[in-house]
Amino acid sequence: MIEKKERNSNIELYRIIVMLLIVMHHYVVNSGLLDEMFKTPLAPESVFLYLFGMWGKTGINCFVLITGYFMCKSSISLRKFVKLLLQIELYNILFGCIFLYTGHISLSVSSLIQIVNPIPSVNTGFTSCFLLFYLFIPFLNILLNNLSKSQHLLLVILCLGIYTILGTVPWISVTLNYITWFCILYVVASYIRVYGIWRSEDKMFWGGASLVLITISVLSVLMMLSWGISSGVRLDWSLVMFFVSDSNKLLAFLVSISTFMFIKNIHIRQSKWINTIASCTFGVLLIHANSDAMRQWLWKETCDNVGFFNSSMIYVHALCVPIIVFIACTIIDFCRQHFLERFYLDLVVKYIQSSKLYITYHNRLQKYE
């Protein structure tokens, strides 16, 4: 029997907001809009789109912090990992076949391998790195459960000192791998869960901190944009978004921490609707950011983001399209959960559990827990 725990609707609402911010980010960076924006960097529509799409990497932090906060007091089961893997594979194969049929992907051995391969790279691709990061969770829990409070805190300081503080200094190069960064966020989230941080339960403090940090982040983008233009340097996304350009950057990290602390202290009534929608958020990511072919079809051909750039409707388009994409992807993933997953998941899990390799691994891992 699998016991289902009722999820906190405040955190689930946060999950929905975070994923919507990620869709908004992709609306800007995956559509060809950046080329148009940097031609007229100070045009109102360009400035609007900078600020509209700036929260994607911050959103990744928020998503992983939620995972760390709850999984550090739980355990990754075979069912959880297989569920995640099969969800990735199903959408890869489904949309791969569709885009092969429509001609968006050329038929070749390499394209077929790419379609069925759940780990195309181990770098900064969210999906493959999140899948591999999941395998580290049992070992991270063993490590963290055997650390004292001071040791845990020193580990947090060391990790953030290297990847966030040094990673935000312009003249120091810190190469980021998302698996490593997700593990660091897990260490941070587990410390918050077990020991708390300063004024952990003060929602007014964290609400104010969130507002201040979001404002500073917006100002940092405007400042870097202004500096880039006045200096005559070539503008690109990483320059304009420097302090939030990747998940380890200082403001991206601080905004994710402050908003997470704020949301977790807000208590709202349990909502089946919120929890159901939130359960589809990872599916939303897997669908709308599935592949280069999906990005081409969705943002460039179907939504025609670039075509609306010089139109007075760009603001309405930018506000409405991510919401429509989010809703459409949510409906697709809801149908997958209720009409497909319930039939194949248990069968696959039981098959794996009966294998000798799994039994040996499981028995050895239990010795250290």
With sequence neighbours left out, the residues meeting ring pair (Phe, Tyr, Trp, His ring centres under 6.0 Å) with Tyr14 are none
- Message: Are the side chains of Tyr186 and Phe133 in contact, using a 4.5 Å heavy-atom criterion?
- Response: yes
Hits for salt bridge (Lys or Arg N to Asp or Glu O under 4.0 Å) against Asp202, two or more places apart or cross-chain, chain-then-number order -> Arg199
| field | Ser190 and His152 side chains, donor-acceptor separation under 3.5 Å | value | yes
Residues 270-290 vs ring-ring contact (aromatic ring centres under 6.0 Å, His included), sequence neighbours excluded, gives His26-His288, Phe130-Phe282
Lys249 with Asp246: basic N within carboxylate O range, under 4.0 Å: no
Hits for side-chain contact (heavy atoms from CB on, under 4.5 Å) against Asn305, two or more places apart or cross-chain, chain-then-number order -> Tyr27, Ser31, Leu33, Trp299, Cys303, His317
Interatomic distance, OG1@Thr168 vs CG@Asn248, rounded to 0.5 Å, equals 6.5 Å
For Asn145, the side-chain hydrogen bond (donor to acceptor under 3.5 Å, both in side chains) test, sequence neighbours excluded, returns none
task: Report yes if some heavy atom in the side chain of Cys129 is under 4.5 Å from a heavy atom in the side chain of Phe182; otherwise report no.
output: yes
Counting neighbours of OH on Tyr315 that are heavy atoms of other residues, nucleotides or ligands and sit closer than 6.0 Å, is the number greater than 12? yes
For Ile172, the side-chain contact (heavy atoms from CB on, under 4.5 Å) test, sequence neighbours excluded, returns Leu166, Val169, Val174
| said: Quick check: do Asp333 and Val284 have side-chain heavy atoms less than 4.5 Å from each other? | reply: no
Residues passing the side-chain contact (heavy atoms from CB on, under 4.5 Å) test with Ser279, sequence neighbours excluded, are Gln337
Residues passing the side-chain hydrogen bond (donor to acceptor under 3.5 Å, both in side chains) test with Ser247, sequence neighbours excluded, are none
NZ of Lys57 to CG of Leu176, rounded to nearest 0.5 Å, is 9.0 Å
Open item on the list: Within the structure provided, determine whether Phe63 and Phe126 are in side-chain contact (heavy-atom separation under 4.5 Å).
Closed with: yes
Across all chains, not counting sequence neighbours, the ring pair (Phe, Tyr, Trp, His ring centres under 6.0 Å) partners of Phe334 are His338
To the nearest 0.5 Å, atom CG of Leu144 lies from atom CG of Leu155 at 7.0 Å
CG of Asn92 to SG of Cys97, rounded to nearest 0.5 Å, is 10.5 Å
Find out whether Val47 and Leu222 are in side-chain contact, i.e. whether some heavy atom of one side chain is under 4.5 Å from a heavy atom of the other.
yes
**Asked** Among the clusters formed by ILVMFWY side chains lying less than 4.5 Å apart, do Ile165 and Leu153 turn up in the same one?
**Response** yes
Value for CZ (Phe242) from CE (Met223), rounded to nearest 0.5 Å, stands at 9.5 Å
The side-chain hydrogen bond (donor to acceptor under 3.5 Å, both in side chains) partners of Glu301 (sequence neighbours excluded) come to His104, Gln296
Compute whether any side-chain donor of one residue and acceptor of the other, for Asn310 and Glu36, lie under 3.5 angstrom apart.
no
Any Val109 side-chain heavy atom under 4.5 Å of Ile113 side chain: yes
Exercise for review: Fit a plane to each ring of Trp198 and Phe205, take the angle between them on a 0 to 90° scale, and name the class: parallel (under 30°), tilted (30 to 60°) or perpendicular (over 60°).
Suggested key: perpendicular
query: Can you check whether Tyr69 and Phe260 have ring centres sitting under 6.0 Å from each other?
result: yes
- Query: Would you say Ile162 and Ile179 are hydrophobically clustered, going by side-chain heavy atoms of ILVMFWY under 4.5 Å?
  - Reply: yes
Leu21 meets the side-chain contact (heavy atoms from CB on, under 4.5 Å) criterion, sequence neighbours left out, with Ile17, Met24, Trp55
Taken in chain and number order and not counting sequence neighbours, the residues that satisfy side-chain hydrogen bond (donor to acceptor under 3.5 Å, both in side chains) with Tyr191 are none
Heavy atoms from other residues, nucleotides or ligands near NZ of Lys80 exceed 12 (cutoff 6.0 Å):
yes
- Step by step, would you call Phe70 with Ile11 a side chain to side chain contact (heavy atoms under 4.5 Å, CB included)? CA-CA 11 Å; Phe70 290 105; Ile11 298 296; 3.7 Å; yes
Open item on the list: Checking Ser108 against Ser110: is there a side-chain donor and acceptor pair closer than 3.5 Å?
Closed with: yes
Are more than 12 heavy atoms from other residues, nucleotides or ligands located less than 6.0 Å from atom OH of Tyr195? yes
Would you mind reporting whether Leu100 and Ile115 have side-chain heavy atoms less than 4.5 Å apart? yes
Quick one, Thr281 and Leu285 - any side-chain contact, counting heavy atoms below 4.5 Å? no
